[in-house]
There are 2 protein chains.
Amino acid sequence: MGVGAGGDAGPGRGPGASPGVGAVARVGAGAGAGAGAGANLLALRSHNTALVLDLLRGAGAGGISRLELAERTGLTPQAVSKITARLRAQGLAAEAGRRASTGGKPRTVLRLVPEAGHAVGVHVDRDEVRAVLADLNGTVVGERRGPLHAGGPGAGAEVVVEEVARQVEGLAPPVAESLLGVGVALPGPLDHRSGVLHRVTGFPQWEGFGLRDALARRLGVPVVVDKDTNAAALGLAVARGDDGGGAGSFAYLHVGTGLGAGLVIGGGVHRGARTGAGEFGHQVIQLDGPPCECGDRGCVEALCLAAVARGETEEAARVLGAGAANLVGLLDIELVLLGGRTVAAAPDAFVAGVSAVLAARARREGLPGGAVPVRLAPGGERSVAEGAAQLLLAPVFGRGGG
Amino acid sequence: MGVGAGGDAGPGRGPGASPGVGAVARVGAGAGAGAGAGANLLALRSHNTALVLDLLRGAGAGGISRLELAERTGLTPQAVSKITARLRAQGLAAEAGRRASTGGKPRTVLRLVPEAGHAVGVHVDRDEVRAVLADLNGTVVGERRGPLHAGGPGAGAEVVVEEVARQVEGLAPPVAESLLGVGVALPGPLDHRSGVLHRVTGFPQWEGFGLRDALARRLGVPVVVDKDTNAAALGLAVARGDDGGGAGSFAYLHVGTGLGAGLVIGGGVHRGARTGAGEFGHQVIQLDGPPCECGDRGCVEALCLAAVARGETEEAARVLGAGAANLVGLLDIELVLLGGRTVAAAPDAFVAGVSAVLAARARREGLPGGAVPVRLAPGGERSVAEGAAQLLLAPVFGRGGG
DNA sequence: GCACTTCGGCAACAGCGTTGCGAAAGTAGG
DNA sequence: CCTACTTTCGCAACGCTGTTGCCGAAGTGC
């Protein structure tokens, strides 16, 4: 029944209960990174179990029958029955009514039991810490906010650890069996794999701080850190659903006080060799153009934000569109999503402006399928925190990410 | 003993001999595209077998012992013994001497039997067709060249099919049991999945032609088509070896009569949603700059080639570097490789110029690890054809690509 | 010649998905 | 109400996977 968080992705919490979600989160058995990648039977089971869980989640409250699961996964109905029986025994799935009959025994509908697992997502912003408690569905079942006073010199990163820990403990007792861990999203470059911060924008004193391990020690649960744009992109990827296990790819472009991006390729966040991918803002689109804060010239961020400051929203959108077109051409993604405060101030203008650039590009190329669509990213101010929670939830459903 | 080519990736060739390489090439069991992605025992075996084959290939003539294979894959020695026994029975692997003893029984060294499988790689260029016959190691064991007279209007794509078929048949009888198939690399946009050409540069009359299926029908063996830059990048990825199963990522930038790129992420070629990724040349780095042939303005290709035409190699390299820096920032890749005739004309200048831009970027970022290295792509004029052969060989070793 | 170390295959095993088959639970028709 | 049919789904046996326990094979070192 219990959902022990295992000891995979961070410091464990002592001997957990029966093998639960944690054991599932491991594998992938796929072409991921890592050394060996040899797959054994446990890996096989974990992979298929995660696949089934992902479909159950995608089905939502409506549920999904065993035979549908079999069709979608390519597994035999009997294999699905075994897997779902295990999930029901673990409390992760449950029967939920039955479909209308088509002339025979009606299909039994299965659904995910969202309460079987939880994760905390924390959004550390410039002046605020926002934490949400999400269940397996990603539904927010608790929220807390608090100011962040770490701006002053001398106020080290420990202050942030303490503030984040306070918010987390206020949301969920760390001994709760269903707590998978805590995901923390914050701006600026950092190393996702090691959990070490690098020159986070606005907080120079955090350079080199090992936030993940410090917070994991403090809270006693697994912790994952990532860039805010990656968290937002992950949240959007989950929200989209993507065929259940699809190869969905899109770029989330965030225009706020800065300009960043989160890339989703094959259903998972693409982080790159040093987990620094997605640096969209300092893409040069105007050789020898106006200087940017980063020291280079003609960056998208500098051009776009300058246009915004001048009140020329159309020009800002055109610049953003040029950067997006470069990105689309290089990666051949399917969708561009726009978000952030600046976009929210004039959503239609930005969507139209970026769309126009991509449409012109598609016309020139003449490729079948038409232009890559541009849409406003759904979700409100809480979406980064929700995405941060998905940093822990997604692996349960086989969305390890790159 | 025989290595039937199975019937996976294209029209089969009738009932093959014993299950061989073809059966291995299928799976991945991973996070690839496709619908189901449910993994069964066959998928598991194929995955692990491909992994072992990849390590055997990477070990080269020196070979590798069973225990080393076990360490590298994470499998138990006994599992490796079973897998290698199967491979030896199929003729894909063989014992090759033994290591020096370390106080006990010396390890038996295993090696790949390259002659157990072959693939033909064809490079269709503007005025020439070049075909190579490669064994499992990728070693070229046969080569043919012939002129291509398809430029004239009216000369349809069938002429090319016939010319390619003639070269292939001259190299390898299509009934040879060890022939896995034919890979064809050609310039310009095309759909890798369906094998349909789109406006191949220089051959407008090929628009919409289903080259893959036409050639497969003509030859009776599986055919795969891809962009020339992707083929070259795949060849480079294989040549690098990459830890055996590593997450190697790099960009191959080709500067010839045009400017293209092949992206390797996670050891496989990244092709994107519509298999059109890697369009590096028409990345805009000079908003409202000089017009490009593509109809846009300020593309890298236009700027770079114009600088080359003016004799300003340094400026050309700087422009290329700016594009490469954008790419590195977006994807966080580990390496940039340069190739093509234009680069070959002044290799040091290009490598130095691109390096300088990336070094400056790394200095600004201040990230650990230093700048992304820039190197000249190894291999000569034959490398695209060799890479095209890898389109068939790579899947045998689990390098499906994205 | 003996003790020791290390490699690698044989045999038994647990666990995976698969297949064959039958019980359960509906609809359709008398 | 009863029967015939369809469809779902679980039990049991099966083949195959990697794993474990064990032992012979083949070296080194004393």
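Throughout, protein chains are lettered first and strands after them, A, B, ... in sequence-line order, and every chain is numbered starting at 1. The basis for the numbers below is simple: all heavy atoms, side chains too, and nothing from hydrogens, waters or symmetry mates.
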Tell me whether the side-chain N/O atoms of [X] come closer than 4.0 Å to OP1 or OP2 in [N].
X	N	result
A/S81	D/dG10	yes
A/T76	C/dT18	yes
A/R98	C/dA25	no
A/R45	C/dA14	no
B/T108	C/dC7	no
B/N48	D/dT17	no
B/N40	C/dT18	yes
A/R66	D/dG10	yes

Side chains of [X] and [Y], heavy atoms from C-beta outward: is any pair under 4.5 Å?
X	Y	value
B/L392	B/V182	no
A/H270	B/H270	no
B/L41	A/L41	yes

Ion pair A/R240/A/E334, N-O distance below 4.0 Å: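 Not counted as a salt bridge, because no side-chain N and carboxylate O are separated by less than 4.0 Å.
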Sugar-phosphate, base or nothing in reach of A/R99, heavy atoms under 4.0 Å: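 Touches nothing.
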Sugar-phosphate only, base, or nothing, as touched by A/S65 at under 4.0 Å among non-hydrogen atoms: nothing
Calculate the interatomic distance between [X] atom [atom1] and [N] atom [atom2]; express it in whole Å.
X	N	atom1	atom2	value
B/L51	D/dG18	CG	P	11 Å
B/H47	C/dC16	NE2	C1'	16 Å
B/R107	D/dT28	CZ	C1'	15 Å
B/I64	C/dC7	CD1	C1'	15 Å
A/L75	C/dG15	CG	C1'	15 Å
B/E68	C/dC7	CD	P	10 Å
A/L42	C/dC13	CG	P	22 Å
A/L87	D/dG10	CG	C1'	16 Å

Give the nucleotide from the list [options] with an atom nearest to the side chain of [X].
X	options	value
A/P106	C/dC7, D/dC9, C/dG26	C/dG26
B/Q78	C/dC7, C/dA25, C/dG9	C/dG9
B/K105	D/dT19, C/dG17, D/dA26	D/dA26

Residue closer to the 5' end of DNA chain D, A/L41 versus A/K82 (nearest nucleotide):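 The residue whose closest nucleotide sits nearer the 5' end is A/K82.
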Over all atoms of both residues, closest heavy-atom pair of A/A237 and A/G267: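 A/A237 and A/G267 have their closest heavy atoms at CB-O, 4.4 Å.
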Option among B/D54, B/L56, B/N48 that satisfies the side-chain contact (heavy atoms from CB on, under 4.5 Å) test with B/V52: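 Testing each of B/D54, B/L56, B/N48 against B/V52, the sole residue satisfying side-chain contact (heavy atoms from CB on, under 4.5 Å) is B/L56.
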